[in-house]
Undergrad: 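Have a look at this one.
Just so you know, these numbers use all the heavy atoms, side chains as well, and skip hydrogens, waters and symmetry mates. We count residues from 1, following the sequence as given.
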Amino acid sequence: MTVQANLRLLTYSQEIIDGQPIYVSSNSLPVKALNYEPAGHAFHDVVLKLLGYEDNEVSDDNEQTAEDAERKYAPSFDSYSSKGKKKSGGSTQQDHYALLGLSHLRYLATEEQIRKSYRETALKYHPDKQAALLLAEETEAAKQAKKDEIESHFKSIQEAYEVLIDPVKRRIYDSTDEFDDEIPTDCAVQDFFTVFGPAFMRNGRWSVNQSVPSLGDDKTPLKEVDDFYNFWYTFKSWREFPHADEFDLEQAESRDHKRWMERQNAKLTEKARKEENARIRTLVDNAYKRDPRIQRRKEEEKAEKQRKKEAKFLAKKLQEEEAIRLAEEEKRRKEEEEKRAAQVAQQQKKVKEKEKKLLRKERSRLRTLSGPVISQSLLDLSEENVENLCSSLDIEQLRNICDKMEGKTGMELAKVLWDAQESSHSDRKHQECNKTAQQNGSTAANVTIPLSNLQKKERPWSKDEIELLRKGMLKYPKGTSRRWEVISDYIGTQRSVEEILKATKTILLQKPDSAKAFDSFLEKRKPAQAIASPLSTREELVGESSKKPEDNVAINGNLDVPSVVQNVNNQTPSDSSANGIPSTSEQDDWSAIQERALVQALKTFPKETSQRWERVAAAIPGKTVNQCKKKFTSMKESFRNKKNAA
């Protein structure tokens, strides 16, 4: 842009300085200028346009400048990736331990040793102590170079001390110090401790817990070996990875740029830390796989497992053999018992056959000896008498009689035979008397049998007992201790466990048939208690001359209940009174038998039974439905009054 000499630029005028307002013209509405300085590129551009001095070059330059400014002040994260990176080929890191004379100790050096070494080194290499070296130089340039070298060396010593005396800086420096990261992968069994021992000692320097256990030797107890591997499998390292940081935070152009660098450096550090943990884990895994002590233990455990397996198999085999042996012994024992039983049966059979043979022999002997007596008909003895003796006497008796008859003849022989016959008759009569007495005793016993049978016979289950049984089974489910005894106590009617078990399998599972309830009731009821008393009353009123066939049937206890009920219902009040049946006022009187019949009928026919009251009235001869309902109401009121009074 060319400079216009005749153009006076706007400056501080006297009017503005004195505070007098002036009015200027621009591309906008007129404004009032006060004590403000008119400045800025936009202001001067407007003034030049008003004066007619507009230059295209100036505008182009301004546009280019604005675009550059926009690009400059609108950074993106993509541009950060190429800015602020550390130089990989820079100066090498100085050895701080060597500068202080601690190369033989390095990370093992204590703080006191660092201080002492720094004092000695600082006194030795102080610039004031090195003045003699400057005098040895001839030229001024050489002296200046020597002086710079001495000062640089002393500054390096100070820097080394500052780094090593600070725990944080020293940890970072030790992390970047030279270290052998090599991990042994394979070795011979005899060289295990010489190969892996130094590796664990070398990596133990990074442990947070400095009481690092030793690998030991082949004779180390397994407890210490397990502790060693537990320590290394939970190894915690304090090692830092500053060399992994790719970006230098001091070169950040803005706060956002710095935060982005921190995030990138954190990612790289985390990656390096994971790689370090994987390296340590690989070292421990390789050692664990090749440790001869661990291998021996695994072999022992495997052998112990195999031994237990074989012992279990052997025990199972012995058990099976024992079971087979016991089965064979049981089979042999049964065979022997069957054999002995067969022998005993055979012997008994032989004995019986022998006895039968002896019996036939004695009978034949008796027939032979009694032949003369029968032929001569002495004492009216016949062959029938002899056969009766043969059939009624046993072997011993026959033998005794035959022995007595030996050597005798005539009347003496007949006398012996007659005495035997009389004795047989007396024995037979005695047996008949005993038999009659036994029969009489059995008859007397049979008279008492019904009572005992009634006692032993199972009592029928009432509706209340069945309901209590059903509730008890729900209240005391399966798994209850002594369940059936508890349910028996819950029912409270002295029911035994056997009765309860039988009832659960029969009564509770049986579906009630309401259609046959009335028929079963008529079959089971007692005619004498339910019917005889009302009809007998009618007989007394009518008399013996007015007895009907139905009355005779009732007296005999074989009344047809439906026919009687039908006859009673079909009679008019006049007929009933004429036949001797009490009137309506007289029928309100209930006997004890009728009340019991009413209670039994009400239990037999529950509420849900169809035509309940008709069936109840049919079960009580001489009573109508209304009378039964009225009696039921009066009984219920009486029961409530007694309950309230109690």
Undergrad: Are side-chain heavy atoms of W461 and I491 found at a separation under 4.5 Å?
TA: yes

Undergrad: Without swapping roles, check the side chain of S364 against the backbone of R360 for a donor-acceptor pair under 3.5 Å.
TA: no

Undergrad: How many angstroms lie between CG in L326 and CD in E328, if you round to the nearest 0.5 Å?
TA: 9.5 Å

Undergrad: Test your reading of the model: is there a side-chain donor-acceptor pair from T234 to the backbone of N230, 3.5 Å cut-off?
TA: yes

Undergrad: Just wondering, do N277 and R281 contact through their side chains at under 4.5 Å, heavy atoms?
TA: no

Undergrad: Determine whether the aromatic ring centres of W232 and Y229 lie less than 6.0 Å apart.
TA: no

Undergrad: Would you give me the side-chain donor-acceptor pairs under 3.5 Å for residues 350-358, sequence neighbours excluded?
TA:
none

Undergrad: For the residue pair K274 and E270, establish whether any side-chain heavy-atom pair is separated by less than 4.5 Å.
TA: yes

Undergrad: Which pair of non-hydrogen atoms, one from T504 and one from M473, has the smallest distance, and what is that distance?
TA: CG2-SD, 3.5 Å

Undergrad: Does R612 offer a backbone N or O that forms a donor-acceptor pair with the side chain of T609 under 3.5 Å?
TA: no

Undergrad: Only pairs under 3.5 Å count here: list side-chain donor-acceptor contacts from residues 317-324, not counting sequence neighbours, and write none if there are none.
TA:
unit_1: E322; atom_1: OE1; unit_2: R325; atom_2: NE; d: 3.3
unit_1: E322; atom_1: OE1; unit_2: R325; atom_2: NH2; d: 3.2
unit_1: E322; atom_1: OE2; unit_2: R325; atom_2: NH2; d: 2.1

Undergrad: Quick one, R259 with R263, criterion side-chain contact (heavy atoms from CB on, under 4.5 Å). Give me CA distance, side-chain angles, the key distance, then yes/no.
TA: CA-CA 6 Å; R259 290 176 180 173; R263 289 195 296 270; 4.0 Å; yes

Undergrad: One thing to verify: whether D403 and R365 come together as a salt bridge, which I'm taking to mean a side-chain N less than 4.0 angstrom from a carboxylate O.
TA: yes

Undergrad: Give, for atom CG of L389 and atom CZ of R363, the distance between the pair rounded to the nearest 0.5 Å.
TA: 11.0 Å

Undergrad: Please check if the side chain of T633 supplies one atom and the backbone of K629 the other of a donor-acceptor pair under 3.5 Å.
TA: yes

Undergrad: One pair to check against side-chain contact (heavy atoms from CB on, under 4.5 Å): E362 and C402. What are the steps and the verdict?
TA: CA-CA 8 Å; E362 295 297 332; C402 291; 4.1 Å; yes

Undergrad: Under 3.5 Å, side chain of T282 to main-chain N/O of A278, donor-acceptor pair present?
TA: yes

Undergrad: Listing request: all salt bridge (Lys or Arg N to Asp or Glu O under 4.0 Å) pairs with a residue in residues 633-644, at least two apart in sequence or in separate chains.
TA: none

Undergrad: Is there a donor-acceptor contact under 3.5 Å from the side chain of R483 to the main chain of Y476?
TA: yes

Undergrad: Of all the heavy-atom pairs spanning A503 and L469, show the shortest one and how long it is.
TA: CB-CD2, 3.9 Å

Undergrad: Does some side-chain heavy atom of L602 sit less than 4.5 Å from a side-chain heavy atom of W613?
TA: yes

Undergrad: Looking at K502 and E499, is any side-chain nitrogen of the basic one under 4.0 Å from a carboxylate oxygen of the acidic one?
TA: no

Undergrad: Roughly how far, to the nearest 0.5 Å, is the CZ atom of R332 from the NZ atom of K339?
TA: 13.0 Å

Undergrad: Please report the C-alpha distance between L366 and M405 in whole Å, then the side-chain angles of each, then the deciding distance to 0.1 Å, and finally whether the side-chain contact (heavy atoms from CB on, under 4.5 Å) criterion is met.
TA: CA-CA 9 Å; L366 179 61; M405 294 174 66; 3.7 Å; yes

Undergrad: Work out which heavy atom in A619 is nearest to a heavy atom in P621; give both atom names and the distance.
TA: O-CD, 3.5 Å

Undergrad: So, using ring-ring contact (aromatic ring centres under 6.0 Å, His included) as the criterion, who are the partners of F231 when residues are at least two apart?
TA: none

Undergrad: As a quick check of understanding, evaluate side-chain contact (heavy atoms from CB on, under 4.5 Å) for M635 and L598, giving each step before the final call.
TA: CA-CA 11 Å; M635 291 173 66; L598 175 61; 3.8 Å; yes

Undergrad: Roughly how far, to the nearest 0.5 Å, is the CG atom of L398 from the CG atom of L393?
TA: 5.0 Å

Undergrad: Any side-chain donor paired with an acceptor under 3.5 Å for N209 and S207?
TA: no

Undergrad: Please report the interatomic distance CD(E485) to OG1(T480), rounded to the nearest 0.5 Å.
TA: 11.5 Å

Undergrad: Keeping R495 on the side-chain end and I500 on the backbone end, is there a donor-acceptor pair under 3.5 Å?
TA: no

Undergrad: Please determine whether a side-chain nitrogen of the Lys or Arg among R367 and E387 lies less than 4.0 Å from a carboxylate oxygen of the Asp or Glu.
TA: yes

Undergrad: What is the distance from atom NZ of K302 to atom NZ of K305, rounded to the nearest 0.5 Å?
TA: 9.5 Å

Undergrad: Are more than 12 heavy atoms, taken from residues, nucleotides or ligands other than R296, located less than 6.0 Å from that residue's CZ atom?
TA: yes

Undergrad: Check whether any side-chain heavy atom of I401 sits under 4.5 Å from a side-chain heavy atom of K404, and report yes or no.
TA: no

Undergrad: Looking at residues at least two apart in the chain, or sitting in another chain, which of them share a side-chain contact (heavy atoms from CB on, under 4.5 Å) with E337?
TA: R333, R340

Undergrad: Any Lys/Arg nitrogen of E224 or R293 sitting under 4.0 Å from an Asp/Glu carboxylate oxygen of the other?
TA: no

Undergrad: Counting distance only, does the side-chain N/O of S423 pair as donor-acceptor with the main-chain N or O of A420 below 3.5 Å?
TA: no

Undergrad: More than 12 non-hydrogen atoms from neighbouring residues, nucleotides or ligands closer than 6.0 Å to CD on E383, yes or no?
TA: no

Undergrad: Please name all residues satisfying side-chain contact (heavy atoms from CB on, under 4.5 Å) with E304, sequence neighbours left out, ordered by chain then number.
TA: R307, K308

Undergrad: If you measure from the Lys or Arg side-chain nitrogens to the Asp or Glu carboxylate oxygens, is any gap between D227 and K223 under 4.0 Å?
TA: yes

